[in-house]
Amino acid sequence: MDFELSDEQTLLRNSLQKLLSSEYSFEQRQAMLRTPFGHSPAVWKLLAGQGVLGAGLPEEHGGFGGPVEVMIVMEEIGRGLVLEPYMSSVVVCGGLIAALGKRAQRLDVLARIIAGDCCAALAHHETGARYTLSHVETSLRRQAGELVLNGTKTVIQDGAVADILVVSARDDEVGGLSLLLLDSTTPGLEWTRYRMQDGRSGADLVCKDVQVEEQQVLGTRGGGLAAIELAVDAAIAASCAEAIGAMEALNAATLEHLKTRQQFGQPIGRFQVLQHRMADMFLLATQARSMSFLATGRCREPDRVQRRRALSAAKAFIGKAARFVGQQAVQLHGGMGMSAELCVSHYFKRLTLINATWGDVDHHVGIVGDLLLAADQ
């Protein structure tokens, strides 16, 4: 296969690298971590000005490209430890709105996302669901002629900074899951906002008798589960790409440390045992990159089984690789590898959260095993 980027894709990568190197250094990120939820409207607008927030969205609404462009953006987000809600706003919610939204919804919301005027988040996961996407107890019912939403959503990624929500609910009237497009200030929504371990924002949400209009439904009522599965698969591929960027940055930082840290009158990188560990880290990161390419290439595969097998295989392998690279990087840096003043600990935290998001290693290994078993029968 040809893994070379086109001129336009190379320009996207280089321009984003230049922007983040000047506006999102580690020291600048540390300052953003001291803000309530780490989100910087100024940086969000800069990303919009570069066109980054349109990557993967339809051209008719101001977007461009597809999964490869999303992969490029996510690699640089991982490399720069960017806290901004690109995944939630563009990949997940932007993808759902582009696929299901009515024309008025697409014209309004996608234009605002691409322009950097709002952030979005998916409110889907619930207590007890773990990684089962069909487990939804939040209900949408008709009461006195009005659609009413009740239930609780947990660990909403980037929920603390979201202006717009895509909320899933079990639709009692038609059966199945329905998706609703809501403003985060809608009456009846009760928020608990917090910071997650890697510095990003999260939130829990209680919906109490929230009145919903028919025009706020995304797509067909009761037909939301398949759309959520596709959106999550796109998010898995994007997460894999983010992990690649983080691992490569972590390897570069560790290699520089081995070249400069002195022990017994020489750089510790001259010790063969450390060279072997560093070689293993680079080898796994390179193998993981090939799995990220697989995930990117298959995330829109129409065949659900083929798509799921490829994405789960990639997520599982990259999760294992990320854990190894992160642990080795911390150990090779010694005690200071765990300090908040060094970027190494922040990369390790982010890689750990990526592994746990959208299904951890054990979950995806189980999926691959089940699919292979079903194919043999």
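Since the structure is predicted, the reported quantities are computational estimates derived from the model, not experimental observations.
One side chain, Ser168 or His124, offers a donor N or O that lies under 3.5 Å from an acceptor on the other. Judged purely by distance below 3.5 Å, without hydrogens or angles, the side chains of Glu84 and His39 pair a donor atom with an acceptor atom. Looking at Thr254 and Gln328, their side chains never bring a donor and an acceptor atom within 3.5 Å of each other. Side-chain contact, Gln331 with Arg277: a donor N or O sits under 3.5 Å from an acceptor N or O. Side-chain contact, Glu69 with Gln9: a donor N or O sits under 3.5 Å from an acceptor N or O. With hydrogens and angles left out, the side-chain atoms of Gln287 and Ser290 include no donor and acceptor closer than 3.5 Å. Side-chain N/O atoms of Asp204 and Thr192 include no donor and acceptor closer than 3.5 Å.
In this structure, Leu11 and Asp7 have side chains that are not in contact, with every pair of non-hydrogen atoms separated by 4.5 Å or more. Side-chain contact check for Ser89 versus Leu53: every heavy-atom pair is 4.5 Å or farther apart. Between Phe64 and Leu57 the shortest side-chain heavy-atom distance does not fall below 4.5 Å. Looking only at side-chain heavy atoms (C-beta outward), Val148 and Val210 stay at 4.5 Å or farther from each other. Considering only heavy atoms from C-beta on, Met247 stays 4.5 Å or farther from Thr286 through its side chain. Considering only heavy atoms from C-beta on, Val330 stays 4.5 Å or farther from Gln327 through its side chain. Counting heavy atoms from C-beta outward, Leu250 and Leu351 have side chains that approach closer than 4.5 Å. A heavy-atom distance below 4.5 Å is found between the side chains of Met71 and Phe293.
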Audit row: Leu165, Leu181, side chain to side chain contact (heavy atoms under 4.5 Å, CB included) steps and yes/no:
CA-CA 6 Å; Leu165 298 172; Leu181 190 61; over 6 Å; no

Could you give me the CA-CA distance, side-chain angles and deciding distance for His346 and Phe26, then say whether ring pair (Phe, Tyr, Trp, His ring centres under 6.0 Å) is met?
CA-CA 10 Å; His346 296 269; Phe26 180 67; 5.3 Å; yes

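Checked by atom type and distance alone, the side chain of Gln28 pairs as donor or acceptor with a backbone atom of Ser25 at under 3.5 Å. Of the possible donor and acceptor atoms, none in the side chain of Lys315 sits under 3.5 Å from a partner among the backbone N and O of Trp358. Looking at Ser15, its side chain does come within 3.5 Å of a backbone N or O of Leu12 through a donor-acceptor pair. Looking only at distances, a side-chain donor or acceptor of Gln105 sits under 3.5 Å from a matching main-chain atom of Lys102. In this structure, the side chain of Thr152 does not engage the main chain of Val206 through any donor-acceptor pair within 3.5 Å. For Arg170 (side chain) and Val136 (main-chain N/O), a donor-acceptor pair under 3.5 Å exists by modelled atom type. Ser184 places a side-chain N or O within 3.5 Å of a backbone atom of Asp163 that can act as its donor or acceptor partner. In this structure, Tyr347 contributes its side chain and Gly78 its backbone to no donor-acceptor pair below 3.5 Å. For Glu301 (side chain) and Asp303 (main-chain N/O), a donor-acceptor pair under 3.5 Å exists by modelled atom type. Checked by atom type and distance alone, the side chain of His257 never pairs as donor or acceptor with a backbone atom of Ala253 at under 3.5 Å.
The line from CG of Asp117 to CG of Asp108 is 10.0 Å long, rounded to the nearest 0.5 Å. For the atom pair CZ (Arg200) and CZ (Phe37), the distance works out to 15.5 Å, reported to the nearest 0.5 Å. Of the inter-residue distances, the one linking Glu23 atom CD with Ser40 atom OG reads 9.5 Å to the nearest 0.5 angstrom. Put simply, CD1 on Ile113 and CZ on Arg106 are 13.0 Å apart, with the number rounded to the nearest 0.5 Å. With values rounded to the nearest 0.5 angstrom, Tyr86 atom OH is found 13.5 Å from Cys119 atom SG.
For Met338, the CE atom is loosely surrounded, since the number of other residues' heavy atoms within 6.0 Å does not exceed 12. By the neighbour-count criterion of 12 heavy atoms within 6.0 Å, atom CZ of Arg141 is sparsely surrounded, having that number or fewer from other residues, nucleotides or ligands. Applying the 6.0 Å contact sphere to CD of Gln266 captures more than 12 heavy atoms from other residues, nucleotides or ligands. For Arg304, the CZ atom sits in a loose shell: 12 or fewer heavy atoms of surrounding residues, nucleotides or ligands are nearer than 6.0 Å.
Glu76 and Arg79 are joined by a salt bridge, as a carboxylate oxygen and a charged side-chain nitrogen come within less than 4.0 angstrom of each other. Taking the charged nitrogens against the carboxylate oxygens, Arg300 and Asp233 have no contact shorter than 4.0 Å, which rules out a salt bridge. The residues Glu75 and Arg13 are annotated as not salt-bridged, no charged nitrogen and carboxylate oxygen being separated by less than 4.0 angstrom. Between Arg308 and Glu229 no salt bridge is recorded (no basic side-chain N to carboxylate O distance below 4.0 Å). Salt-bridge annotation for Arg221 and Glu214: present, with a side-chain N of the basic residue lying under 4.0 Å from a carboxylate O of the acidic one.
In the hydrophobic clustering of this structure, Leu205 does not group with Leu122; members are Ile, Leu, Val, Met, Phe, Trp, Tyr whose side-chain heavy atoms approach within less than 4.5 Å, directly or through other members. Put simply, Val70 and Val90 are part of the same group of oily side chains (I, L, V, M, F, W, Y) that touch within less than 4.5 Å, one to the next.
With Val167 as the partner, the side-chain contact (heavy atoms from CB on, under 4.5 Å) test is satisfied by one option alone out of Leu140, Thr186, Leu179, Leu182: Leu182.
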